[in-house]
Amino acid sequence: MSTPQRASATEVERHKTAIPRTSVSAPIFLLQSGGVITDKTTVLDYGCGKGNDLEALKQAGINAYGWDPHFAPNTDKLVESDVVNLGFVLNVIEDRSEREEALRKAFGYARQCLAVSVMLIGKGDLRNSRPYKDGFITSRRTFQKYYSQGELREFVASTLDVEPIAAGPGIFFVFKDELAEQRFLFRRQIGFRSSTSRTSPIVRTEHSPTSKAPTGTVKSIVKDLAGLIRELGRYPDEGELPTSLRKRIAKSKHGLSYLSNLSIQEVDSGELEQVAARRMGDLSLFFALNAFGQRPPYCELPPEMQRDVRAFFGSHQRAIAEGQALLFSIGDSERLLKDAQEALNAGIGRLDDAKFQFHIRDLPRLSPALRGYVAIGERLVGDLSEATLLRIHIDSKKLSTLYCPDFETSPLPRITQRVKVEFQTFDVTVVDHTQGGRVKLLFLRSKYLTPDHPHLDEQKKFDDRILEIETLDLSGEGPDLQSFSKAITNAAVSLPRLS
Ligand SMILES: C[S@@+](CC[C@H](N)C(=O)[O-])C[C@H]1O[C@@H](n2cnc3c(N)ncnc32)[C@H](O)[C@@H]1O
């Protein structure tokens, strides 16, 4: 074995970690889809690297500035902003006190929210790297520290003395502004429903300021307003209009209510009813979960939520009552079973023995009662964003989260960890399946793939074949690796080679 080489901090070339991006980074995407960055917020990208996120934000008409000690050292750009992004910076700094300093400085520039993101353990290629301090020096003489989700949370909380909110794997948001935090939490509870796509560099919704639709004409205004009505399930308020649309309306010399009346005629009434029902469900869920914490008075709700409450419930009291009714339905096994059956009919997950198991990405598509069940579990167990699958034990009132790191690539993903929360006792059990030599597998992966997944057809063929093997019982947790291998070998079924 060779002795680990020593590296000194002066050798580290931090700027070499900056990569050109073809789509916006995950934190910027989450800030936009979570409604934290809008066309009305200002953004500072602190440690912006080559500036691709910055460019995409600017293209979308957002007031964004960037600073980087190597690529954009002009300190004029270091201005207090609504949102500050500290994206993948802490993990390239080899000195802990410098990390703390960067985090504090970035937080200091934020008026509403700071987004902190880092590389997580398991995300990096450690070949050609050597250990250095609490991370690694790569062959390109860059430093990388790989965090665990918990370690990052602890680092942010202890440095800034504020409890951060997990926004995704390796990504935390720290809010200074309570309204902005409530807005974000609400959108999260409703499952980040937004037309944001990560493949295009930045959001371009129908009513986005960069929309290619003809501008200035009533027709194009009506089209954009109709899009907004479809999203909200109600008439928009002046303050909810994107700046460019507001300007076009002002130029058109027509009033918003006249234009809104024209626009609603463009929206199919059935579609509008569906959106309104879905939004009412989302809001009921928000009020249901508020019952666990300090319920904010009406006047402290964000203005757009006050408008939702008036439009969908008539009063705050009625909204709270709907929330309570939803809370009861979360404990109603028959109702949950019915909702799970409906989700199954829509092609989501597996329902076996009153246990409903599904991929976490499908959570926003479930009924408010099922989402409420998961949200309560999340309060007990903490952040679920890294889980692959969730299992709702409808009868025994438990929630299990399953972690399968090779889910995207393997026909038989390995379950490495399972966390189980018991709603009756509030007990949380963590089972590490990588210990004790007993391999746990996830069977019937096709039930959890999206219809456009490149492996779906091959996986389905394989799953159908193993379902035909009479000696194989795939119910519950399924067989152990040995029995499974034996059964498929006897039945001459081989694992598919996924392209
Ligand atoms: C991995 S890149 C990330 C760039 C960009 N945020 C992104 O996500 O594409 C890390 C960047 O952090 C910058 N950096 C290094 N030390 C820093 C510090 N103390 N404060 C701010 N940025 C720093 C580097 O110059 C480099 O451009």
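Just so we're clear, the structure is a prediction, and the values are computed from it rather than from any experiment. Counting starts at 1 for both ligands and their atoms, in listed order. Values below: all heavy atoms of this structure, side chains included; hydrogens, waters and symmetry mates excluded. The first residue in the sequence is number 1, and the count goes up from there.
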Out of all atoms in ligand 1, which are within 4.0 Å of some heavy atom of [X]? Include the element for each.
X: A18; answer: 2 (S), 27 (O)
X: F88; answer: 1 (C), 2 (S), 3 (C), 8 (O), 10 (C)
X: C48; answer: 4 (C), 5 (C)
X: W67; answer: 20 (N), 21 (C)
X: G87; answer: 3 (C), 5 (C), 6 (N), 8 (O)
X: F71; answer: 27 (O)

Worksheet item: Checking salt bridge (Lys or Arg N to Asp or Glu O under 4.0 Å) against E304, which of R183, R234, R279 comes through?
Response: R183
Worksheet item: Any idea which heavy atoms bring L456 and P451 closest together, and the distance?
Response: CD2-O, 3.6 Å
Write out the residue and atom name of the closest protein heavy atom to [atom], then the distance separating them to 0.1 Å.
atom: atom 20 (N) of ligand 1; answer: Y46 CE2, 3.8 Å
atom: atom 12 (O) of ligand 1; answer: V89 CG2, 3.6 Å
atom: atom 2 (S) of ligand 1; answer: T17 OG1, 3.6 Å
atom: atom 15 (C) of ligand 1; answer: R14 CD, 3.7 Å

Response to the item:
Filtering N91, D45, I93, L90 for the heavy atom nearest atom 19 (N) of ligand 1 leaves I93
Item to complete: Nearest heavy atom to atom 17 (C) of ligand 1 wins, so pick from P69, G49, G47.
Response: P69
Worksheet entry | Interatomic spacing from CD1 in I37 to SG in C113 - rounded to 0.5 Å | 8.5 Å
Response to the item:
At under 4.0 Å between heavy atoms, what of R21 touches ligand 1? The answer is side chain
Item to complete: Quick one: look at D68 and ligand 1, take heavy-atom pairs under 4.0 Å, and tell me if it's side chain, backbone, both or neither.
Response: side chain
Worksheet item: Any ion pair linking E181 and K176 (charged N to carboxylate O, less than 4.0 Å)?
Response: no
Practice prompt. Applying salt bridge (charged side-chain N to carboxylate O under 4.0 Å, His left out), run through R14 and E98 and close with a yes or a no.
Written response: CA-CA 13 Å; R14 291 181 191 166; E98 256 191 82; 2.9 Å; yes
Worksheet item: Is a donor on one side and an acceptor on the other found under 3.5 Å between the side chain of T75 and the backbone of L78?
Response: no
Worksheet entry | Chi angles and distances behind the side chain to side chain contact (heavy atoms under 4.5 Å, CB included) call for R365, I348 | CA-CA 9 Å; R365 295 173 60 201; I348 301 175; 3.7 Å; yes
Only distances under 3.5 Å count here; give the side-chain donor-acceptor pairs of residues 85-92 to other protein atoms, sequence neighbours excluded, each with its distance to 0.1 Å.
| from | atom 1 | to | atom 2 | distance (Å) |
| --- | --- | --- | --- | --- |
| N85 | ND2 | D45 | OD1 | 3.0 |
| N91 | ND2 | Q144 | OE1 | 2.9 |

Item to complete: Can you label the angle between the H15 ring and the F71 ring as parallel, tilted or perpendicular, going by 30° and 60°?
Response: perpendicular
